[in-house]
Each structure stands twice: as structure tokens, then as C-alpha cells.
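Report on the structure given below.
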Amino acid sequence: MKSRRLWSLFAALGLAASAHASGPVLVIHAGAGVLRRDMPPARDKAIRAALTRALEAGYAELKAGKPSVDAVTASLTVLENDPLFNAGRGSVFTHDGTLEMDAAIMDGYTLRAGSVAAVSDVKNPILLARAVMEHTPHVMLVGAGAEAFAQAQGIAREKPEYFRTEERWQQLQQALKEDAAGRPHADADTARHFGTVGAVALDVYGHLAAGTSTGGMNDKMPGRVGDSPIIGAGTYANAGCAVSGTGWGEFYMRTVAAHAICSRVMQQRVPIARAAAEVINQEIPAMGGSGGAIALDDQGHIAIPFNTHGMFRGWIDGSGKPHVAIYGDEDDGTGELLPAPAPDDAASDD
Ligand code: ASP
């Protein structure tokens, strides 16, 4: 097992789809997990199309000279509105069949950040996180207080039917059966259908931003908050590094994963691909966790390590051309191999 993880690390180091500092750069993810090549072609196509739309929305902001936070917000709004992903519409359910969404955004230039957790009726949690960043003296608002703030800010709210998809509901039913059979839900396959969305961007001024939005993990306990809205765990940006993670959040919190990557880059001068791979492909699996991350430095270098079979991901680098990928063995279109396919025995090891 160890040697496979090492192999996976080296493969991820080789990824570093190098972008050029000549133009703005945008990287997005829409979750990592058990993504096998038996996905129906229509679904594969729909996911790639949705990722492309999100890239185009964010990149249009960057091309127009807007700041990286605008690009992150634009991409994540598109993904939150798409029921294919576990964020906004299409979020997973708690054990009690309720919805509790989390989101965060961070501006690497100003080091300002905003986040929300356990909101159940906010159409676009990323917009609320941004409003927390821009219109309050706080970093994080949760639950009823966050929803009251959404109301005060005129941020759209929706009824439960808007967010509910049959697919997510069935995932919960499956997890409940596994719970009843005595399998802890965090270990079950149903809990590993991640689908969180995230974005990192570098604007024409050389400033970075990161954002993440999620419904959390299927069958989570009501009140559970994951890593996504925790600044430094699932989301982080500073002057030289921006990260958004996706995976089993408790491990990202315990490793303070996003900040751990950025502190390697900034304090230890470790190249971003290596920094991201050390945390995602070594530290997190060594503790029993799983998932991936997108990371970007101020020179436009991209890293997308993941220790799962696949990760929904996309990027537009200095070339201005959108690329999307799903599986571990897909080529990124620049001739460099994307991150390693997950170890065959990941299912028993996650
Ligand atoms: N990290 C998220 C959480 O634990 C889930 C995910 O990324 O799929 O809430």
C-alpha cells in the first residue's frame, strides 16, 4: 500500500500543469471520489459541459480585468445552480433528511475571508459567504444568524424543494440502510460520492482568491460542519498560494490542509505541486482520509492532486483554453499526465 501511495505522489508531482504568468488562470473542482469509467456517457457529457460553463463564467470576469474573487464567485455560482453537484441545488442530505450547506471565500491579496455554515435555504451560499467578507466585521456566520443576514442583504433564498434532487435523496436512503446494518456512514460508499465545488483564480493584477461550497457529506449528523467553510482547512488564499479542497472534511480540518499547503509554499519555498501532493497524497491518506484539492500559485502554476479514483476538475491557463477532466488517468491536453489513478484498493483503504 505504501509503495502505491508513493507512486501516486510522484505521479501527482509530475502533474503541475504549468500555466504561464502571462495571463489570468482559473482552476475549478466539483468533487473527488469513486468515479469509475462506467459512468453513463450522458452524465459524463453533462458534467463536462457544466464544468466548462463554470470555467467560462469565471474566466470572463478575469478577462474583463475583474479581481480573482469575482471569478471565484462567478464559477461557483454556476456550479451551485447545477443540480449535478453537491452544493446549492443538489446538495446532499443530513441523517435527518434536512439540508445544511457550507461555503467560504478568501481574498489572498487582502487576506479577508467570509464563510457560512449550516444554512438551509440560501440559494447561493457562496454569495452569502462573500457578503460576510465584505459587509460584516466577522469571518463566519452560521445557521439562523447567517440566514437572517442573507435576508437583510437581499440574497436569494429558496424552499426545500428547490434544493432537493431524487438522486441525493436515494443516496441518503442507501446510507440509512447501511447505518441500520451497522456500517458507520463515513466509511460507506454512499458517503464517498463527493461533489463539493471549489475554485481558485489568479487575476491580471497577480492576486489570488479561493472559494468552496458544499452540502457537506451524505448522511452527516445535523449540525456537523466540514472543512469547506473553515478558513485554512478547506479554503485558503494568500499572496502566493490559493487552495480549495474536497474530500472527507474531518481529515482536512485535522491537517488544516489548505493552509498546510500554502505555508509550505510561502514559508518553506516548496513548489506548489510538491506542497499540495505532500498534504493530499501523503498526510491525509496516512491518517485514513481521502479526497483532492486544487492549488494555484502567484506564477500561475496549477496543482490538482487527489488520492481517489477521480475528481471533477477544470482549468483555463495562460492559453485561454478550457480543459476539463474527470478520471485519474486523463490527459490534461498539454501533454502532461494528470494525477495518478487511485490505488485499486482505495475502497478498502479510504
Ligand atoms: N469536504 C466536504 C465536507 O467534508 C465534502 C466534500 O468535499 O465532498 O463537508
field: R313 side chain reached by F306 side chain, heavy atoms, under 4.5 Å
entry: yes

query: Any side-chain donor-acceptor pair under 3.5 Å between T212 and S228?
result: no

task: Let me see the working for R168 and F163 under side chain to side chain contact (heavy atoms under 4.5 Å, CB included), right down to the final yes or no.
output: CA-CA 10 Å; R168 296 299 186 196; F163 299 96; over 6 Å; no

- request: Please step through side chain to side chain contact (heavy atoms under 4.5 Å, CB included) for the pair S75 and L26, ending with a clear verdict.
  value: CA-CA 9 Å; S75 288; L26 175 66; 3.6 Å; yes

task: Can you see which heavy atom on A103 is nearest to which on P229, and at what distance?
output: O-CB, 3.6 Å

message: Would the distance check show the side chain of D203 and the main-chain N or O of P67 forming a donor-acceptor pair, the cut-off being under 3.5 Å?
response: no

task: Check whether any side-chain N or O of N307 sits under 3.5 Å from a backbone N or O of I280 as a donor-acceptor pair, and report yes or no.
output: yes

Pairing residues for E166 by the salt bridge (charged side-chain N to carboxylate O under 4.0 Å, His left out) criterion, not counting sequence neighbours: R164

query: Is the backbone N or O of T246 less than 3.5 Å from a side-chain atom of Y252, with the two atoms forming a donor-acceptor pair by type?
result: yes

Residues which pass side-chain contact (heavy atoms from CB on, under 4.5 Å) with E56, listed by chain and number, not counting sequence neighbours: T52, P322

- request: Would you confirm whether K220, through its side chain, and G226, through its main-chain N or O, come within 3.5 Å as a donor-acceptor pair?
  value: no

message: Looking at every non-hydrogen atom in both residues, tell me the closest pair between A32 and T308 and how far apart they are.
response: CB-OG1, 3.5 Å

- prompt: Once the angle between the rings of H207 and Y109 is folded into 0 to 90°, is it parallel (under 30°), tilted (30 to 60°) or perpendicular (over 60°)?
  reply: parallel

What side-chain donor-acceptor pairs closer than 3.5 Å can you find for residues 144-156, not counting sequence neighbours?
residue, atom, partner, partner atom, Å
E147, OE2, S120, N, 2.6
E147, OE2, S120, OG, 3.0
Q151, OE1, R157, NH1, 2.7

message: Donor-acceptor pair, distance only, cut-off 3.5 Å: does the side chain of D121 make one with the backbone of E158?
response: no

- prompt: Does R112 reach the main-chain N or O of T110 with its side chain, forming a donor-acceptor pair under 3.5 Å?
  reply: no

query: Can you tell if the side chain of I126 reaches within under 4.5 Å of the side chain of T77, non-hydrogen atoms only?
result: yes

message: A side-chain contact here means heavy atoms from C-beta on lying under 4.5 Å apart; do V225 and V142 qualify?
response: no

task: Indicate yes or no for a side-chain donor-acceptor contact from D70 to the backbone of L62 under 3.5 Å, with no hydrogens or angles considered.
output: no

task: Verify the distance criterion only: is there a donor paired with an acceptor across the side chains of E80 and S213 at less than 3.5 Å?
output: yes

- prompt: Is the W315 ring parallel, tilted or perpendicular to the H323 ring (thresholds 30°, 60°)?
  reply: parallel

message: Suppose we screen for salt bridge (charged side-chain N to carboxylate O under 4.0 Å, His left out). Which residues come up paired with K123, at least two apart in sequence or across chains?
response: none

Which donor-acceptor pairs under 3.5 Å do side chains of residues 87-94 form with protein atoms, sequence neighbours excluded?
residue, atom, partner, partner atom, Å
R89, NE, Y162, O, 3.2
S91, OG, G88, N, 3.2
S91, OG, G88, O, 2.7
T94, OG1, D96, N, 3.2
T94, OG1, G97, N, 3.4
T94, OG1, T98, N, 3.1
T94, OG1, T98, O, 3.3
T94, OG1, T98, OG1, 2.6

- prompt: What distance separates D102 CG from T196 OG1, expressed to the nearest 0.5 Å?
  reply: 8.5 Å

query: Can you find a pair of side-chain heavy atoms, one from V72 and one from I105, that are under 4.5 Å apart?
result: yes

field: Side-chain donor/acceptor of R48 to backbone N/O of F312, under 3.5 Å
entry: no

field: Heavy-atom side-chain contact between V139 and V132 under 4.5 Å
entry: no

task: Please test T73 against E61 for side chain to side chain contact (heavy atoms under 4.5 Å, CB included), starting from the C-alpha separation and ending with a verdict.
output: CA-CA 10 Å; T73 308; E61 300 290 315; over 6 Å; no

message: I want to check something: taking the side chain as every heavy atom from C-beta on, are V200 and L208 in contact at a cut-off of under 4.5 Å?
response: no

query: Hey, which of H95, E178, Q173 is the one that makes side-chain contact (heavy atoms from CB on, under 4.5 Å) with D219?
result: H95

field: Separation between CG of D317 and NE2 of H301, rounded to the nearest 0.5 Å
entry: 11.0 Å

field: Under-4.0 Å salt bridge between D107 and R130
entry: no

Reference residue L51; test side-chain contact (heavy atoms from CB on, under 4.5 Å); the match among V78, L84, I28, V197: I28

message: Using a 4.5 Å cut-off between side-chain heavy atoms of Ile, Leu, Val, Met, Phe, Trp and Tyr, which other residues end up in the same hydrophobic cluster as Y205?
response: V204

message: I'd like to check M140 versus H138 (side-chain heavy atoms, cut-off strictly below 4.5 Å). Are they in contact?
response: no

- request: With rounding to the nearest 0.5 Å, note down the distance linking CD1 in I47 to CD1 in I326.
  value: 5.0 Å

- line: Between A242 and A209, the two heavy atoms sitting closest are CB-O, 3.6 Å

- request: Working to the nearest 0.5 Å, report the span between CD1 of I231 and CE of M106.
  value: 6.0 Å

message: Could you check whether any side-chain heavy atom of D82 comes within less than 4.5 Å of a side-chain heavy atom of R53, counting everything from C-beta outward?
response: yes

message: Tell me whether E250 is salt-bridged to R224, with the criterion being a basic N under 4.0 Å from an acidic carboxylate O.
response: yes

